[in-house]
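Single-structure report; data block below.
Hydrogens, waters and symmetry mates play no part in the numbers below; they use all other heavy atoms, side chains included. A, B, ... follow the sequence lines: proteins, then strands. Residue 1 opens every chain.
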Amino acid sequence: MLKILFFAALRERLACANTSLDLQGQVLTARQVLDRLAGQSALWQQHLADAELLCAVNQQLVTLSHPVAAGDELAFFPPVTGG
Amino acid sequence: MLKILFFAALRERLACANTSLDLQGQVLTARQVLDRLAGQSALWQQHLADAELLCAVNQQLVTLSHPVAAGDELAFFPPVTGG
Amino acid sequence: MTLRIQVQQQDFSVASEYELLRQEARCGAVVTFSGLVRELTETQLLRMTLEHYPGMTEQALIQIATEAQQRWQLGTVTIIHRVGTLLPNEQIVFVGVASAHRAAGFAAAEFIMDYLKNRAPFWKKEHTSNGEYWVAAKVSDHVALQRWE
Amino acid sequence: MTLRIQVQQQDFSVASEYELLRQEARCGAVVTFSGLVRELTETQLLRMTLEHYPGMTEQALIQIATEAQQRWQLGTVTIIHRVGTLLPNEQIVFVGVASAHRAAGFAAAEFIMDYLKNRAPFWKKEHTSNGEYWVAAKVSDHVALQRWE
């Protein structure tokens, strides 16, 4: 299973903090996972289409072309605003 | 009278913290005062010839071309090293 | 070269952090940055909540501090960031850098803040008298990164 | 816009100075710089004495702080500089700047230190196990000024 996390405004809009996806042995890019998730509903489609979303794989910021496989932790979130 | 002050290493080398000069109504540049002071002894000549010396008139950093007259406070000192 | 990274709900003491930073006998310069919850201009801020990504946050801060230590000659580097609920004028973030030379200290502290603002997974939500708003990322924070590239 | 300038023999408290700086409700950023007497590499430093030009010193610091307040949007600016006898690891100088935005605070604090190093009439003498030496001005301090011109 691929563990998927959402944070902040995105978490609120999706009303979902985390979910998972069975990749059935496949290796996908983060973008492919995002597309699959967007297919779940019109709401998810709308909020996951945000071009500003950032992506982390195993707690490291990466671009959407980064590969993910079963056991990885994938996170999507809006631009950060700490400090 | 023109009040003249020396600080730090220059004060120690001249063995003098302050002196004065009767300008007799003249307006001189700081450089002209420096030349007059240098004429007082070989020791003063030696130490006042330092091209790195800084100069303040009435407690403001100025260049040696700055004019001074009776009642002014003129100071010479080495490059500053605070902070 | 010591690294001190903390992500915590409770407040921190700049006085204590400064005392730790000034202990290094060969470091003649200590630069600190403190970020505070400030008032809003158009509405009244009641409180702020800070969400983060536990686990990733600490790693991101360690990476940023380590990168600073590779770029400049530094002694101790401290980064403390609070999460949870914060009231107006409370402290949010502290960055402290001890160094032999002041230029390295200033550069490193500003570098750490610029990277933290763009790379560390924290999100601020403002609870105001007019409602709740997620703080938007600032273009100026992205621009600030460019000088370090 | 408050200016707090002190030239004094006694030590100062960074903790107290920071508390004053963080009081401003519209200032979300506080940058501080502290300069300390540090150990020498080639000989043992016993103590340092700091001479200054009374009267001119205060004016020079006010001018530097005022210039910083003209260049950047700042809240309180604090400059404290000690004179007299200082021991290793004692505090020499403190610069603190409160501002709405961090970039202004970092720039102003560094600007103040760069100008203070070149324009404020202080002179350090090191008393070491090998004798007494007036500290020489550093070329790097002159170079540091150029970026502000």
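For the set D:K117, D:H101, D:E24, D:E110, the count of heavy-atom pairs under 4.5 angstrom toward chain C peaks at D:E110. Among C:A15, C:G28, C:P88, C:C27, the residue with the largest count of heavy-atom pairs under 4.5 Å with chain D is C:G28. Chosen from C:A144, C:A100, C:A103, the residue pairing most often with chain D at heavy-atom distances under 4.5 Å is C:A100. Taking D:V95, D:L36, D:V37, D:V97 one by one and counting their heavy-atom pairs under 4.5 Å with chain C, the maximum is reached by D:L36. Among D:V31, D:V30, D:L21, D:T41, the residue making the largest number of heavy-atom pairs under 4.5 Å with chain C is D:V30.
Within the 4.5 angstrom heavy-atom criterion, atoms from both the backbone and the side chain of D:Q91 approach chain C. At a 4.5 Å heavy-atom cutoff, the contact between D:F33 and chain C is made by backbone and side-chain atoms alike. For chain C, the nearby part of D:E90 is the backbone; its heavy atoms alone come within less than 4.5 Å.
The two residues D:R38 and C:R26 make their nearest non-hydrogen contact at CD-O, 3.7 Å. The minimum heavy-atom distance linking D:N89 with C:Q23 is given by the pair ND2-OE1, 4.1 Å.
Residues D:V14 and C:E19 fail the side-chain proximity criterion, which asks for heavy atoms closer than 4.5 Å.
Residue C:Q73 places its CD atom among 12 or fewer non-hydrogen atoms of other residues, nucleotides or ligands, all under 6.0 Å distant. Applying the 6.0 Å contact sphere to CD of D:E42 captures no more than 12 heavy atoms from other residues, nucleotides or ligands.
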